[in-house]
Amino acid sequence: MGAKIKGLGHTIPKKKISNQFFIDQGLDTSDEWIKERTGIETRYFTPDETGSSDLGYEAALDCLKNTNTDISEIDLILVATSTPDHNAFPSTACLIQEKLGCNNIPAFDISAACSGFCYALTTAEGFLATQKHKNILVIGVDCLSKISNMEDRGTCILFGDGAAAALVTKTADKNEGVIFSTIKANGSLANILQIPKGGSKYPFNETIAKEKSHFIEMDGSAVFKQAIKIVVSEIKQSLVSINLSTDNIDYLICHQANQRILDRICDNLKLPKQKCITNIKTFGNTSAASIPLAMSEFHKNHGFKKGDIIVLAGFGAGFTWGITIIKWT
Ligand SMILES: CC(C)(COP(=O)(O)OP(=O)(O)OC[C@H]1O[C@@H](n2cnc3c(N)ncnc32)[C@H](O)[C@@H]1OP(=O)(O)O)[C@@H](O)C(=O)NCCC(=O)NCCS
(Lines give C-alpha, C1' and ligand atoms only; values in the text may rest on other atoms or scores of the structure.)
Protein backbone atom coordinates (compact mmCIF):
# COMPACT_ATOMS: atom_id res chain seq x y z
CA MET A 1 0.00 0.00 0.00
CA GLY A 2 1.43 3.38 -1.02
CA ALA A 3 0.71 7.06 -0.39
CA LYS A 4 -0.41 9.86 -2.67
CA ILE A 5 -1.14 13.55 -2.27
CA LYS A 6 -4.82 14.05 -3.01
CA GLY A 7 -4.70 17.84 -2.77
CA LEU A 8 -3.18 20.83 -1.09
CA GLY A 9 -3.98 24.14 0.59
CA HIS A 10 -2.05 27.06 1.98
CA THR A 11 -2.21 30.37 3.76
CA ILE A 12 0.10 33.30 4.38
CA PRO A 13 -0.20 36.09 6.94
CA LYS A 14 -1.52 39.47 5.78
CA LYS A 15 1.44 41.64 6.78
CA LYS A 16 3.80 42.04 3.82
CA ILE A 17 7.36 42.95 4.74
CA SER A 18 9.54 44.57 2.08
CA ASN A 19 13.35 44.71 2.22
CA GLN A 20 12.97 48.40 3.08
CA PHE A 21 11.40 47.34 6.41
CA PHE A 22 14.81 46.19 7.70
CA ILE A 23 16.53 49.41 6.59
CA ASP A 24 13.79 51.41 8.35
CA GLN A 25 14.52 49.34 11.51
CA GLY A 26 18.12 50.61 11.37
CA LEU A 27 19.72 47.45 9.94
CA ASP A 28 22.91 47.99 7.89
CA THR A 29 21.65 46.39 4.68
CA SER A 30 20.13 47.34 1.33
CA ASP A 31 17.39 46.20 -1.02
CA GLU A 32 20.04 45.53 -3.69
CA TRP A 33 22.16 43.31 -1.38
CA ILE A 34 19.19 41.23 -0.24
CA LYS A 35 17.82 40.80 -3.78
CA GLU A 36 21.19 39.98 -5.31
CA ARG A 37 22.46 37.63 -2.55
CA THR A 38 19.15 35.86 -1.76
CA GLY A 39 16.52 36.60 -4.44
CA ILE A 40 14.09 37.74 -1.72
CA GLU A 41 11.97 40.87 -2.25
CA THR A 42 9.17 40.37 0.27
CA ARG A 43 8.08 38.01 3.03
CA TYR A 44 5.04 37.92 5.34
CA PHE A 45 5.02 38.16 9.15
CA THR A 46 2.32 37.05 11.58
CA PRO A 47 1.22 39.60 14.18
CA ASP A 48 1.71 39.04 17.94
CA GLU A 49 -0.76 36.57 19.42
CA THR A 50 -1.01 34.69 16.13
CA GLY A 51 0.95 31.48 16.13
CA SER A 52 1.71 28.42 14.03
CA SER A 53 -1.53 26.72 15.10
CA ASP A 54 -3.56 29.62 13.64
CA LEU A 55 -1.76 29.52 10.30
CA GLY A 56 -1.74 25.71 10.23
CA TYR A 57 -5.47 25.64 10.89
CA GLU A 58 -6.16 28.03 7.98
CA ALA A 59 -4.00 25.92 5.64
CA ALA A 60 -5.79 22.74 6.79
CA LEU A 61 -9.19 24.31 6.07
CA ASP A 62 -8.04 25.35 2.58
CA CYS A 63 -6.78 21.81 1.92
CA LEU A 64 -10.04 20.22 3.12
CA LYS A 65 -12.03 22.60 0.90
CA ASN A 66 -9.83 21.98 -2.16
CA THR A 67 -10.11 18.20 -1.74
CA ASN A 68 -13.80 18.26 -0.90
CA THR A 69 -13.02 16.35 2.29
CA ASP A 70 -14.99 16.42 5.51
CA ILE A 71 -12.93 16.67 8.68
CA SER A 72 -14.59 13.47 9.95
CA GLU A 73 -12.67 11.56 7.24
CA ILE A 74 -9.26 12.57 8.67
CA ASP A 75 -7.68 9.97 10.94
CA LEU A 76 -4.25 11.49 11.73
CA ILE A 77 -2.75 14.99 11.89
CA LEU A 78 1.01 15.48 11.45
CA VAL A 79 2.45 18.95 11.88
CA ALA A 80 6.00 19.77 10.81
CA THR A 81 7.12 22.88 12.67
CA SER A 82 10.05 24.42 14.53
CA THR A 83 7.92 27.23 15.90
CA PRO A 84 5.24 25.56 18.01
CA ASP A 85 2.78 27.90 19.75
CA HIS A 86 4.16 26.69 23.09
CA ASN A 87 7.62 25.52 24.06
CA ALA A 88 7.30 21.74 24.26
CA PHE A 89 3.60 21.21 24.91
CA PRO A 90 0.81 21.09 24.03
CA SER A 91 1.87 20.25 20.49
CA THR A 92 0.77 22.50 17.65
CA ALA A 93 -0.89 19.43 16.10
CA CYS A 94 -3.18 19.10 19.14
CA LEU A 95 -4.08 22.80 18.96
CA ILE A 96 -4.93 22.48 15.27
CA GLN A 97 -6.92 19.32 15.98
CA GLU A 98 -9.01 21.21 18.55
CA LYS A 99 -9.62 24.11 16.12
CA LEU A 100 -10.69 21.65 13.42
CA GLY A 101 -13.01 19.90 15.87
CA CYS A 102 -11.76 16.36 15.36
CA ASN A 103 -10.73 15.35 18.86
CA ASN A 104 -9.80 11.70 19.51
CA ILE A 105 -7.69 11.15 16.42
CA PRO A 106 -3.89 11.07 16.91
CA ALA A 107 -2.03 14.34 16.33
CA PHE A 108 1.63 15.12 16.83
CA ASP A 109 4.43 17.47 15.80
CA ILE A 110 7.55 16.59 13.85
CA SER A 111 10.71 18.61 14.46
CA ALA A 112 13.06 18.50 11.49
CA ALA A 113 13.34 22.24 10.73
CA CYS A 114 13.18 23.05 7.01
CA SER A 115 13.14 19.35 6.04
CA GLY A 116 10.01 18.92 8.17
CA PHE A 117 7.55 18.45 5.31
CA CYS A 118 9.61 15.63 3.74
CA TYR A 119 9.95 14.02 7.19
CA ALA A 120 6.19 14.30 7.77
CA LEU A 121 5.32 12.90 4.32
CA THR A 122 7.57 9.91 4.93
CA THR A 123 5.97 9.40 8.36
CA ALA A 124 2.51 9.53 6.74
CA GLU A 125 3.64 6.94 4.20
CA GLY A 126 4.58 4.62 7.07
CA PHE A 127 1.23 5.08 8.83
CA LEU A 128 -0.68 4.40 5.60
CA ALA A 129 1.32 1.21 5.06
CA THR A 130 0.07 -0.15 8.41
CA GLN A 131 -3.47 -0.05 6.97
CA LYS A 132 -4.81 1.56 10.14
CA HIS A 133 -5.03 5.05 8.63
CA LYS A 134 -6.64 6.26 5.42
CA ASN A 135 -6.56 10.06 5.28
CA ILE A 136 -3.71 12.00 6.86
CA LEU A 137 -3.44 15.76 7.07
CA VAL A 138 0.23 16.70 6.74
CA ILE A 139 0.81 20.34 7.66
CA GLY A 140 4.03 22.32 7.29
CA VAL A 141 3.96 25.57 9.22
CA ASP A 142 6.48 28.01 10.64
CA CYS A 143 6.60 31.54 11.99
CA LEU A 144 10.35 32.07 11.88
CA SER A 145 9.85 35.82 12.27
CA LYS A 146 9.11 35.01 15.93
CA ILE A 147 12.52 33.42 16.50
CA SER A 148 14.67 35.72 14.34
CA ASN A 149 17.07 38.28 15.78
CA MET A 150 15.98 41.45 13.99
CA GLU A 151 19.43 42.95 14.70
CA ASP A 152 21.27 40.16 12.84
CA ARG A 153 21.40 41.11 9.17
CA GLY A 154 22.80 37.70 8.22
CA THR A 155 19.61 35.88 9.22
CA CYS A 156 16.51 38.07 9.78
CA ILE A 157 16.22 39.17 6.14
CA LEU A 158 15.81 35.56 5.01
CA PHE A 159 12.78 34.35 6.90
CA GLY A 160 9.01 34.64 6.52
CA ASP A 161 5.92 32.99 7.98
CA GLY A 162 3.46 30.66 6.23
CA ALA A 163 1.63 27.36 6.28
CA ALA A 164 0.55 24.70 3.81
CA ALA A 165 -1.23 21.38 4.13
CA ALA A 166 -1.49 18.23 2.06
CA LEU A 167 -4.11 15.50 2.24
CA VAL A 168 -2.17 12.25 1.99
CA THR A 169 -4.19 9.15 1.20
CA LYS A 170 -3.68 5.48 0.39
CA THR A 171 -3.09 4.11 -3.07
CA ALA A 172 -2.90 0.47 -4.09
CA ASP A 173 -0.89 1.39 -7.21
CA LYS A 174 2.86 1.39 -6.42
CA ASN A 175 3.50 3.31 -9.64
CA GLU A 176 1.69 6.45 -8.54
CA GLY A 177 1.89 8.92 -5.69
CA VAL A 178 5.06 8.76 -3.58
CA ILE A 179 7.32 6.52 -5.65
CA PHE A 180 10.46 7.17 -3.57
CA SER A 181 11.32 8.77 -0.27
CA THR A 182 14.35 9.07 1.95
CA ILE A 183 15.05 11.10 5.09
CA LYS A 184 18.48 11.54 6.63
CA ALA A 185 20.33 13.56 9.27
CA ASN A 186 23.88 14.43 10.32
CA GLY A 187 23.99 15.75 13.87
CA SER A 188 27.68 16.62 13.59
CA LEU A 189 26.55 19.68 11.62
CA ALA A 190 24.11 20.78 14.36
CA ASN A 191 26.08 23.94 15.14
CA ILE A 192 25.91 25.53 11.67
CA LEU A 193 22.25 26.43 12.16
CA GLN A 194 20.82 26.54 15.66
CA ILE A 195 19.01 28.34 18.44
CA PRO A 196 21.81 28.06 21.01
CA LYS A 197 19.93 28.73 24.24
CA GLY A 198 16.51 28.98 25.84
CA GLY A 199 15.81 25.23 25.86
CA SER A 200 16.23 22.61 28.60
CA LYS A 201 20.06 22.75 28.57
CA TYR A 202 20.23 26.52 28.97
CA PRO A 203 16.82 27.60 30.27
CA PHE A 204 15.72 31.07 29.30
CA ASN A 205 16.93 33.82 31.65
CA GLU A 206 17.89 37.50 31.61
CA THR A 207 21.43 36.85 30.34
CA ILE A 208 20.10 34.83 27.42
CA ALA A 209 17.60 37.59 26.68
CA LYS A 210 20.43 40.16 26.62
CA GLU A 211 22.68 37.93 24.48
CA LYS A 212 19.72 37.20 22.18
CA SER A 213 20.96 33.60 22.08
CA HIS A 214 17.35 32.32 22.06
CA PHE A 215 17.16 33.42 18.41
CA ILE A 216 18.41 31.74 15.21
CA GLU A 217 22.20 31.72 14.72
CA MET A 218 23.67 30.52 11.45
CA ASP A 219 26.94 30.04 9.64
CA GLY A 220 25.35 31.07 6.34
CA SER A 221 28.25 30.10 4.14
CA ALA A 222 28.51 26.58 5.68
CA VAL A 223 24.76 26.04 5.28
CA PHE A 224 24.98 27.27 1.69
CA LYS A 225 27.74 24.79 0.76
CA GLN A 226 26.28 21.79 2.64
CA ALA A 227 22.81 22.33 1.16
CA ILE A 228 24.07 22.25 -2.42
CA LYS A 229 26.44 19.29 -1.89
CA ILE A 230 23.90 17.14 -0.04
CA VAL A 231 20.82 17.90 -2.15
CA VAL A 232 22.54 17.36 -5.51
CA SER A 233 24.12 14.08 -4.46
CA GLU A 234 20.94 12.81 -2.77
CA ILE A 235 18.69 13.64 -5.76
CA LYS A 236 21.08 11.87 -8.15
CA GLN A 237 21.20 8.74 -5.93
CA SER A 238 17.42 8.77 -5.43
CA LEU A 239 16.70 8.94 -9.16
CA VAL A 240 19.16 6.13 -9.94
CA SER A 241 17.55 3.90 -7.30
CA ILE A 242 14.22 4.02 -9.16
CA ASN A 243 15.74 3.89 -12.65
CA LEU A 244 15.03 7.53 -13.48
CA SER A 245 17.37 10.35 -14.48
CA THR A 246 17.22 14.15 -14.22
CA ASP A 247 15.68 14.16 -17.72
CA ASN A 248 12.59 12.53 -16.19
CA ILE A 249 12.03 15.38 -13.72
CA ASP A 250 9.05 17.59 -14.63
CA TYR A 251 9.32 19.77 -11.51
CA LEU A 252 11.90 20.21 -8.77
CA ILE A 253 10.62 21.81 -5.56
CA CYS A 254 13.49 22.50 -3.19
CA HIS A 255 13.26 24.12 0.21
CA GLN A 256 13.17 27.85 -0.58
CA ALA A 257 16.29 29.01 1.27
CA ASN A 258 18.14 31.20 -1.19
CA GLN A 259 17.63 31.68 -4.95
CA ARG A 260 21.38 31.22 -5.47
CA ILE A 261 21.22 27.79 -3.75
CA LEU A 262 18.34 26.78 -6.03
CA ASP A 263 20.20 28.01 -9.14
CA ARG A 264 23.35 26.09 -8.19
CA ILE A 265 21.37 22.90 -7.53
CA CYS A 266 19.81 23.19 -11.01
CA ASP A 267 23.20 23.90 -12.62
CA ASN A 268 24.83 20.93 -10.89
CA LEU A 269 21.96 18.63 -11.88
CA LYS A 270 21.95 20.12 -15.40
CA LEU A 271 18.23 20.76 -14.90
CA PRO A 272 16.58 23.62 -16.86
CA LYS A 273 15.74 26.41 -14.40
CA GLN A 274 12.11 26.57 -15.57
CA LYS A 275 11.61 23.11 -14.05
CA CYS A 276 12.52 24.44 -10.61
CA ILE A 277 9.44 25.91 -8.90
CA THR A 278 10.37 28.93 -6.81
CA ASN A 279 8.46 31.52 -4.79
CA ILE A 280 11.27 32.73 -2.56
CA LYS A 281 11.09 36.20 -4.15
CA THR A 282 7.64 36.68 -2.59
CA PHE A 283 7.64 34.59 0.59
CA GLY A 284 11.30 34.26 1.67
CA ASN A 285 12.28 31.14 3.61
CA THR A 286 9.18 29.78 5.38
CA SER A 287 10.99 26.69 6.74
CA ALA A 288 8.68 23.65 7.08
CA ALA A 289 6.02 25.45 5.02
CA SER A 290 8.24 26.28 2.08
CA ILE A 291 7.95 23.06 0.02
CA PRO A 292 4.18 22.51 0.45
CA LEU A 293 3.56 26.25 -0.02
CA ALA A 294 5.41 26.23 -3.35
CA MET A 295 3.57 23.03 -4.35
CA SER A 296 0.17 24.30 -3.33
CA GLU A 297 0.60 27.69 -4.98
CA PHE A 298 1.83 26.13 -8.24
CA HIS A 299 -0.96 23.53 -8.26
CA LYS A 300 -3.58 26.23 -7.66
CA ASN A 301 -2.27 28.54 -10.40
CA HIS A 302 -1.10 26.05 -13.02
CA GLY A 303 -2.07 22.52 -11.94
CA PHE A 304 0.18 19.46 -11.92
CA LYS A 305 -0.73 16.95 -14.63
CA LYS A 306 -1.29 13.22 -14.18
CA GLY A 307 2.06 11.48 -14.57
CA ASP A 308 4.21 14.53 -13.70
CA ILE A 309 7.39 13.52 -11.87
CA ILE A 310 7.87 15.96 -9.00
CA VAL A 311 11.02 15.89 -6.87
CA LEU A 312 10.78 17.48 -3.41
CA ALA A 313 14.08 18.27 -1.68
CA GLY A 314 14.16 19.52 1.90
CA PHE A 315 17.24 20.51 3.90
CA GLY A 316 17.73 22.38 7.13
CA ALA A 317 18.89 22.56 10.72
CA GLY A 318 20.01 19.38 12.39
CA PHE A 319 21.46 19.00 9.74
CA THR A 320 18.49 17.18 8.21
CA TRP A 321 17.43 16.49 4.66
CA GLY A 322 14.85 14.51 2.75
CA ILE A 323 13.95 13.66 -0.84
CA THR A 324 10.44 12.66 -1.90
CA ILE A 325 9.68 11.74 -5.51
CA ILE A 326 6.05 11.89 -6.54
CA LYS A 327 4.28 10.69 -9.68
CA TRP A 328 1.25 12.96 -9.71
CA THR A 329 -2.16 11.32 -10.05
C1 LIG B 1 23.10 34.22 4.58
C2 LIG B 1 23.58 34.43 3.16
C3 LIG B 1 22.53 35.11 2.32
C4 LIG B 1 24.82 35.32 3.18
O5 LIG B 1 25.30 35.49 1.88
P6 LIG B 1 26.84 35.29 1.55
O7 LIG B 1 27.02 35.63 0.13
O8 LIG B 1 27.22 33.90 2.00
O9 LIG B 1 27.49 36.38 2.43
P10 LIG B 1 28.59 36.21 3.59
O11 LIG B 1 27.95 35.53 4.77
O12 LIG B 1 29.81 35.59 3.00
O13 LIG B 1 28.84 37.70 3.93
C14 LIG B 1 29.41 38.58 2.98
C15 LIG B 1 29.35 39.97 3.57
O16 LIG B 1 27.99 40.43 3.53
C17 LIG B 1 27.61 40.88 4.82
N18 LIG B 1 26.17 40.69 5.00
C19 LIG B 1 25.54 39.63 5.54
N20 LIG B 1 24.22 39.87 5.55
C21 LIG B 1 24.04 41.09 5.00
C22 LIG B 1 22.92 41.88 4.72
N23 LIG B 1 21.66 41.47 5.02
N24 LIG B 1 23.08 43.08 4.13
C25 LIG B 1 24.31 43.52 3.82
N26 LIG B 1 25.44 42.83 4.05
C27 LIG B 1 25.29 41.62 4.63
C28 LIG B 1 28.45 40.06 5.77
O29 LIG B 1 28.55 40.70 7.02
C30 LIG B 1 29.76 40.01 5.06
O31 LIG B 1 30.44 41.22 5.27
P32 LIG B 1 32.04 41.23 5.49
O33 LIG B 1 32.60 40.69 4.22
O34 LIG B 1 32.31 42.66 5.73
O35 LIG B 1 32.26 40.35 6.67
C36 LIG B 1 23.96 33.08 2.51
O37 LIG B 1 25.13 32.56 3.12
C38 LIG B 1 22.88 32.06 2.63
O39 LIG B 1 21.80 32.20 2.09
N40 LIG B 1 23.19 30.91 3.28
C41 LIG B 1 22.26 29.86 3.43
C42 LIG B 1 21.22 30.27 4.41
C43 LIG B 1 20.11 29.31 4.49
O44 LIG B 1 19.77 28.71 3.51
N45 LIG B 1 19.57 29.13 5.67
C46 LIG B 1 18.46 28.35 5.95
C47 LIG B 1 18.70 26.93 5.61
S48 LIG B 1 17.35 26.03 6.06
Side-chain angles (χ1 to χ4, degrees), residues 17-43 80-83 110-119 140-162 183-187 189-196 215-232 234 253-266 268 276 278-281 283-294 312-323:
I17 304 290
S18 67
N19 292 338
Q20 184 63 35
F21 167 87
F22 299 100
I23 299 157
D24 295 343
Q25 299 276 312
L27 207 65
D28 181 12
T29 188
S30 67
D31 181 45
E32 295 71 38
W33 193 97
I34 299 172
K35 278 201 282 216
E36 195 187 305
R37 307 304 292 168
T38 72
I40 301 168
E41 294 185 9
T42 57
R43 72 290 284 149
T81 188
S82 304
T83 50
I110 290 176
S111 170
C114 305
S115 312
F117 186 71
C118 288
Y119 267 68
V141 55
D142 265 312
C143 298
L144 287 197
S145 70
K146 303 284 177 83
I147 55 166
S148 296
N149 177 355
M150 293 297 167
E151 291 169 11
D152 176 12
R153 67 180 182 170
T155 53
C156 69
I157 50 114
L158 297 169
F159 303 116
D161 305 342
I183 49 174
K184 293 187 185 169
N186 178 357
L189 295 171
N191 63 347
I192 65 174
L193 180 52
Q194 62 174 336
I195 296 183
F215 288 130
I216 298 170
E217 287 184 11
M218 178 177 73
D219 177 346
S221 157
V223 172
F224 195 98
K225 287 179 195 146
Q226 286 297 338
I228 296 166
K229 193 173 96 184
I230 290 170
V231 168
V232 169
E234 216 49 78
I253 308 181
C254 281
H255 166 50
Q256 308 286 297
N258 182 321
Q259 187 58 50
R260 287 188 297 135
I261 294 180
L262 303 180
D263 290 345
R264 290 271 195 91
I265 290 172
C266 286
N268 291 0
C276 181
T278 70
N279 61 14
I280 189 166
K281 181 177 164 185
F283 300 120
N285 175 348
T286 57
S287 193
S290 92
I291 291 175
L293 181 57
L312 311 182
F315 57 88
F319 210 74
T320 57
W321 62 97
I323 307 292

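Order of appearance sets the numbers: ligands from 1, and atoms from 1 within every ligand.
Under the side-chain contact (heavy atoms from CB on, under 4.5 Å) criterion, Phe22 pairs with Ile17, Leu27, Thr29, Arg43, Phe45, Met150, Cys156, Ile157, not counting sequence neighbours. Listed by chain and number, the residues in a ring pair (Phe, Tyr, Trp, His ring centres under 6.0 Å) with Phe315 are His255 (sequence neighbours excluded).
Remark: the backbone N or O of Val141 is paired with a side-chain donor or acceptor of Thr81 at under 3.5 angstrom. Judged purely by atom type and a 3.5 angstrom limit, Asp142 uses its side chain to pair as donor or acceptor with the backbone of Ser82.
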Any protein N or O within less than 3.5 Å of an N or O in ligand 1? List each pair with its distance, or say none.
unit_1: ligand 1; atom_1: 7 (O); unit_2: Arg37; atom_2: NE; d: 3.2
unit_1: ligand 1; atom_1: 7 (O); unit_2: Arg37; atom_2: NH2; d: 2.7
unit_1: ligand 1; atom_1: 7 (O); unit_2: Arg260; atom_2: NH2; d: 3.0
unit_1: ligand 1; atom_1: 23 (N); unit_2: Thr29; atom_2: OG1; d: 3.1
unit_1: ligand 1; atom_1: 23 (N); unit_2: Arg153; atom_2: O; d: 2.9
unit_1: ligand 1; atom_1: 24 (N); unit_2: Thr29; atom_2: OG1; d: 2.6
unit_1: ligand 1; atom_1: 26 (N); unit_2: Arg153; atom_2: NH1; d: 3.4
unit_1: ligand 1; atom_1: 29 (O); unit_2: Arg153; atom_2: NH2; d: 2.9
unit_1: ligand 1; atom_1: 37 (O); unit_2: Gly220; atom_2: O; d: 3.2
unit_1: ligand 1; atom_1: 39 (O); unit_2: Asn258; atom_2: ND2; d: 2.7
unit_1: ligand 1; atom_1: 40 (N); unit_2: Gly220; atom_2: O; d: 3.0

Pair up each side-chain donor or acceptor in residues 111-118 with any protein partner under 3.5 Å, not counting sequence neighbours, and list the distances.
unit_1: Ser115; atom_1: OG; unit_2: Gly316; atom_2: N; d: 3.4
unit_1: Ser115; atom_1: OG; unit_2: Thr320; atom_2: O; d: 2.9
unit_1: Ser115; atom_1: OG; unit_2: Thr320; atom_2: OG1; d: 2.7
unit_1: Ser115; atom_1: OG; unit_2: Trp321; atom_2: N; d: 3.4

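Remark: Ile216 CD1 to Asn149 CG distance equals 9.5 Å, nearest 0.5 Å.
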